[in-house]
Amino acid sequence: MVMRLLMKLSVLLARAENSANCADETRRRLAIEKRDRLHGQYQEAKQLKTDIDRRQEPIESILCRYLPDSGIRDFHRYILMKIKLIIEQQDVEDKIFLAQEQLVVVKRSLPMSYSNTLQRLSKDSVPK
């Protein structure tokens, strides 16, 4: 979960950094405050990850006493697969979020008649 938190914070931090380059002074100031707050949260999450990694070593030594080599290999494979799946899940969630943002922008840019038609079509296509 910490890995996912780190990834999410890094994405949010990048977005806040991009927003900090805004020409509007009010938005720029708010974006800088948000960026600074996210940076602090990111540093805390990194420290948490370091602490968890440090605790993993004694756990692995205990497992080595009770599990055969194949069990240790399975444990390492499990951990690596879990990290990979967390990364993939975050990637998919980010893509969904970006697609939703793009959809909102496209709907706003359409004339009202097209927008109403899209709303009716999307309501009709939802399975009941």
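Expressed to the nearest 0.5 Å, how far CD of Q56 lies from CG of L63 amounts to 9.5 Å. Here the CD1 atom belonging to I32 is positioned 8.5 Å from the CD atom belonging to E17, to the nearest 0.5 angstrom. Between the CZ atom of F75 and the OG atom of S70 there is a distance of 14.0 Å, given to the nearest 0.5 Å. One finds the CG atom of L38 at 11.0 Å from the CZ atom of R15 (value rounded to the nearest 0.5 Å). Expressed to the nearest 0.5 Å, how far CD of E44 lies from NE2 of H39 amounts to 11.0 Å. To the nearest 0.5 Å, atoms CG (L80) and NZ (K82) are separated by 12.5 Å.
In the hydrophobic cluster analysis, where Ile, Leu, Val, Met, Phe, Trp and Tyr join through side-chain heavy atoms closer than 4.5 angstrom, L5 is grouped together with I52. Using a 4.5 Å cut-off between side-chain heavy atoms of Ile, Leu, Val, Met, Phe, Trp and Tyr, with links allowed through other members, Y42 and L12 fall into the same hydrophobic cluster. Using a 4.5 Å cut-off between side-chain heavy atoms of Ile, Leu, Val, Met, Phe, Trp and Tyr, with links allowed through other members, L67 and Y78 fall into the same hydrophobic cluster. Connection of I59 to I83 is established within a shared hydrophobic cluster, with ILVMFWY side chains joined at heavy-atom distances below 4.5 Å, either directly or through further cluster members. Two different hydrophobic clusters hold L98 and V106 under the rule that ILVMFWY side chains link at heavy-atom gaps under 4.5 Å.
Minimum heavy-atom separation, A16 to A31: O-CB, 4.0 Å. For the residue pair K8 and D94, the shortest heavy atom distance occurs at NZ-OD1, 3.9 Å. The minimum heavy-atom distance between R35 and L13, with the atom names listed, is O-CD1, 3.4 Å. The two atoms that bring L9 and A45 nearest to each other are CD1-CB, 4.0 Å, heavy atoms only.
Residues R73 and H76 fail the side-chain proximity criterion, which asks for heavy atoms closer than 4.5 Å. No side-chain heavy atom of V105 sits under 4.5 Å from any side-chain heavy atom of Q102.
For E33, the salt bridge (Lys or Arg N to Asp or Glu O under 4.0 Å) criterion is met by R29, not counting sequence neighbours. Every residue meeting the salt bridge (Lys or Arg N to Asp or Glu O under 4.0 Å) condition with R54, not counting sequence neighbours, appears here in chain and number order: D51.
Counting non-hydrogen atoms of other residues, nucleotides and ligands closer than 6.0 Å to CZ of R77 gives a total above 12.
Here the rule is side-chain contact (heavy atoms from CB on, under 4.5 Å) with Q100, and of V104, I96, L103 only I96 fits it.
Side-chain contact annotation: Q43 with Q47, donor-acceptor N/O pair under 3.5 Å absent.
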